[in-house]
Every structure is written in structure tokens, then in C-alpha cells.
Amino acid sequence: MQELTHYIGGEHVKGTSGRFADVYNPATGEVQAKVPLANAEEMAGAVAIAAEAQVAWAATNPQRRARVLMAFVGLLNRDMEKLAEALSREHGKTIPDAKGDVQRGLEVVEYCIGAPELLKGDYTDAAGPGIDMYSMRQALGVTAGITPFNFPAMIPMWMFAPAIACGNAFILKPSERDPSVPLMLAELLEEAGLPKGILQVVNGDKEAVDAILHDEIIQSVGFVGSTPIAEYIYATGCANGKRVQCFGGAKNHMIIMPDADMEQAADALVGAGYGAAGERCMAISVAVPVGEDTADRLIEALVPKIEKLKVGPYTAGNDVDYGPVVTSAAKANIERLVQTGIDQGAKLVVDGRNFNLQGYEDGFFVGPHLFDNVTPEMDIYKYEIFGPVLSTVRAGSYEEALKLAMDHEYGNGTAIFTRDGDAARDFASRVNVGMIGINVPIPVPLAYHTFGGWKKSVFGDLNQHGPDAFKFYTRTKTVTARWPSGIKQGGEFNFKPMD
Ligand code: NAD
């Protein structure tokens, strides 16, 4: 049984708390490693190393810091296959999807190579008589991030790339479900030239998180995960005077207008609803066809596509559409919610229950489910299922569809499928959701824009990556300067022969 480590001060360090969590291979259901769960003392040790290393790193010019990230991009590309394999083995997603996970993180690293430009301050010449004023953005110091299981490469990179580009040290507390890729990323960054102690990985659970939240040296906390934990971390971190940004759960609606290209909409829904077994915060989990005829046509187009989906282990190659869910507990929770859907009167059009994969009977596989006639009172509508379950809510009109998306407590992403530019424009303008797709089902903004939802999908103000990240990971300092008259009045300016 492999015993994983922390990565502290540039070394793989064994856990000393005596507590461990099991890391599964979700495809087989086997425990493949043990990950140490840090206590407050281990966290404090890492923070002390980070605080010492950070001073010199912040004083390193931003172009040199950017060069480390440039080399890191090269190493990520070099090791793409290895990273994707390790990621799929612990998470369960397919290899192409795992590469996408690394790639969308890598793109944020590429953006952060622009740090010298992004960190340039503002300058006002002659703000008053003989007075100049300038603002600079300085690193916070030691920063920390707590990340979810579903993107073990991308989300850590979304946090630590801008943090270290800005001159901070960063402590990553990754998900205890799939900690191997974060450890590999830390090693690669050091190979790229990052000084020891600037990026450390401290594995753990609530105990390690609480140690971060109560640590007096850590200046900021980034969190991505479920909404109840996001709320807790935001409240506790803020109460302890930290800068905090937390991104929570989602229930993303896709509106299908009567004029939509139904084949295109159905294909989009299948990819966005079932890809990665529905374990994406930008997955579409609610389809909202407008009008009975649209709904009937949509269901008719969806069913054969869903029935054709291939569910299997990542080792089965490119034929597999999605893999297992992350744990047996996640599987049990999905099955429980599906049962509430049936009990509360939704129509189960595609029944993924009792899905069985020969040779992988102990894996955490869940067959695809499609519900029709779902109503807003049902649990399958209210709660994030985070599994391969798509709910259809039939709306009588565009306004009714819009209201559904607006009244839901989550506001991460949403999409509209239509050929009507006016409807699309109205939707994008009025809906109270952070990321909108127009004939695009998973509108994840690229690295140079910012990522963030609204409502209960976010706690804090600034978004992730893009220019917001450079604001989150720096403080503004503004200098007003006036100089007394210098030597220009008493000085000698004539070129004189030597005496
Ligand atoms: P989670 O909330 O269970 O765990 C996230 C992190 O919090 C992990 O590092 C975990 O160790 C830690 N944690 C868990 N319980 C804790 C507790 N009681 N106290 C302190 N820390 C705790 O989330 P998950 O299951 O890993 O990820 C799935 C969730 O993340 C979904 O809700 C999904 O929508 C959300 N998510 C959101 C975004 C976004 O950008 N909004 C992106 C990806 C995932």
C-alpha cells in the first residue's frame, strides 16, 4: 500500500499526525494509497517555511518569476501523459478529460507569465505642485488554497499560478480524494526553478483546513468546493481577518427555445450533463425546454444519445464517454437522490439504476439517468446531485424558463440554445448567473477572462484567474511623494578645467 506524503520545504515529508485517509481507484473500488491528514502543528511548520522563503521570492523581479512559470509550462507539456494517468487513476475521469483538466490549468499558468505587465502600477506625474503619486501592487505574503476533488490539476493551478506570480508563497490543501497530481505539480514547479518553500502541499481534511483558517501568518484563503463548506470557510476566514474567496456548488440550467437546432442542443446536453459523470461545477443538470412540443422533441432526441453512452474505466481508452464517480459515498448519494425523484413523481425516462460493468463490479459506476416532468419542489431539482443525472423541467414560456434559472439558489453557469439573437441577448442581460453560454453548454471562461458564479455559488467579490486573480493576490500601496529642492540649485553645471 503506497503511503503518500506532504510536500514541505521542497521535500516529500511523511505525515506525523497518525491520521490517514484512503485514496481509491474509483474504477475498481480498491484502496490504492493512504494520504496523511495533517494536524495544526504540521501546518504551522509549513507556514513558517513559507514565510521565510517568501521574502526573497517577493523581491525577485517579476520577469524572473514569470520565467519559472514559463519553464513549468514546458514541463507540464512534457509530463502530460503521466499527469493524466495519475489523475484518472484517482479521480476516475477519462484520459482525454484528464488532459483537459491539466490543460485548462496550464492556460492560467500561461496567462500568469504576463505578471510583469499585470503587476505594473499606476503613476500620476505632478498630482500637485512638485508632487507625484504612484500605486504599486505588492504580494500578500503567505497565501493558502483549499481545492475540490473534481479538478485536481486545474483548480490548484488557478490558485497557485497567480499567487506565486505575484510574489506570494502558497500552501495548497488539495482534496484528500485525489492528492497525487497536486504533489506532482509541486515537484514540477521546483524542477522549473521555483525556490523551495514557495509552493507546498499539505494534505488533510477539516483539521488542516481549520489550521489554515486560524493561522495568524496566512493572509488569504481561496476555496473551491461545495456550498456549505464554502460558507463555513468564508465566515471563519473573514472573522479571522483574512482575505477570502470561496466558490461553491451549482445547478446549471440550459434553456432550449422552440427555434433551437434540436440535434445540436441534445448533443450539447449529453456532453454537458454526463461528461465526467456529471462531476463538474459547470455541468448542465437541468434542461428547460420552452413549450410542450420543444420538450417532446428534446426528449425524443436525447434518449437514443443517452442510451448509447459508454460508461467504463479510463483504461478502456477513447471509447469511454465517462468513468466512475469518485467514491462509494458519492454513488450512494446519487442513488438516494434518484429515488427521491421517483418518489416525488418525476418521470424516469432513462433508468441508469442497477448499472453493472463486467469485471468492475466493485467500481463506483453510475449509469446515466434522464428525468422528465421535474418540478421546482423536488429534491432532484433543489439539490446538486453531482452525478450523471439530467432533470427536465418543462417551461410554458421563455419568461417562465428565465424565472426558473433566476429563482434557483445557485448561480454558477447557465446556457440558452436558440437561433433568436434577441432572446439570447435578453437572457444574457437579465439572468442573475455569473457565466452564460449562448449555444455553448459549458461556458467556462478562458484564462484571460475571470471565472465565478453568483448567488450561493460564490462567497467573496473577486473572481478566479484573469485580472481578478492579480488583484486578489496583491495589496495596493499608494505613494504620494514630494522632494525638497535638490542640487540643481546649488550645483555646478559648467564644464570647468581642472584647477
Ligand atoms: P467539498 O466541499 O467536499 O471539499 C472541498 C474541499 O474542502 C476539500 O479540500 C475538502 O478536504 C475540504 N473539506 C471538506 N469538508 C470540510 C469541512 N467540514 N471543513 C473544512 N474543509 C472541508 O467538495 P468536493 O466534493 O471535493 O467537490 C465538489 C463540489 O465542489 C461541488 O459542490 C462542486 O459544485 C464544487 N465545485 C465548485 C466549483 C466552482 O468554481 N464554483 C468548481 C469545482 C467544484
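Order of listing sets the numbers, starting from 1, for every ligand and every atom in it. In this chain, residues are counted from 1 in sequence order.
A salt bridge between Lys455 and Glu409 is absent, with no side-chain N of the basic residue lying under 4.0 Å from a carboxylate O of the acidic one.
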Using a cut-off of under 3.5 Å, which N/O atoms of ligand 1 pair up with protein N/O atoms, and what distance separates each pair?
residue  : atom   : partner : partner atom : Å
ligand 1 : 2 (O)  : Ser226  : N            : 2.9
ligand 1 : 2 (O)  : Ser226  : OG           : 2.6
ligand 1 : 9 (O)  : Thr147  : O            : 2.8
ligand 1 : 9 (O)  : Lys173  : NZ           : 2.9
ligand 1 : 11 (O) : Lys173  : NZ           : 2.7
ligand 1 : 11 (O) : Glu176  : OE1          : 2.6
ligand 1 : 11 (O) : Glu176  : OE2          : 3.4
ligand 1 : 26 (O) : Phe149  : N            : 3.0
ligand 1 : 30 (O) : Gly225  : O            : 3.3
ligand 1 : 32 (O) : Glu384  : OE1          : 2.6
ligand 1 : 34 (O) : Glu384  : OE2          : 2.6
ligand 1 : 41 (N) : Gly248  : O            : 2.8

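Sorted by first then second residue, the side-chain hydrogen bond (donor to acceptor under 3.5 Å, both in side chains) pairs that include residues 197-207, not counting sequence neighbours, are Arg19-Asp205, Arg19-Glu207, Lys206-Asp210, Lys206-Tyr232.
Under the rule for a ring pair (Phe, Tyr, Trp, His ring centres under 6.0 Å), the partners of His408 that lie at least two apart in sequence or sit in another chain are His253, Tyr381, Tyr410. In this structure, the side chain to side chain contact (heavy atoms under 4.5 Å, CB included) partners of Ala346, at least two apart in sequence or on a different chain, are Phe371, Val374, Met378, Ile380.
Judged purely by distance below 3.5 Å, without hydrogens or angles, the side chains of Thr16 and Glu42 pair a donor atom with an acceptor atom. If you check the side chains of Tyr448 and Glu107, you find no donor sitting under 3.5 Å from an acceptor.
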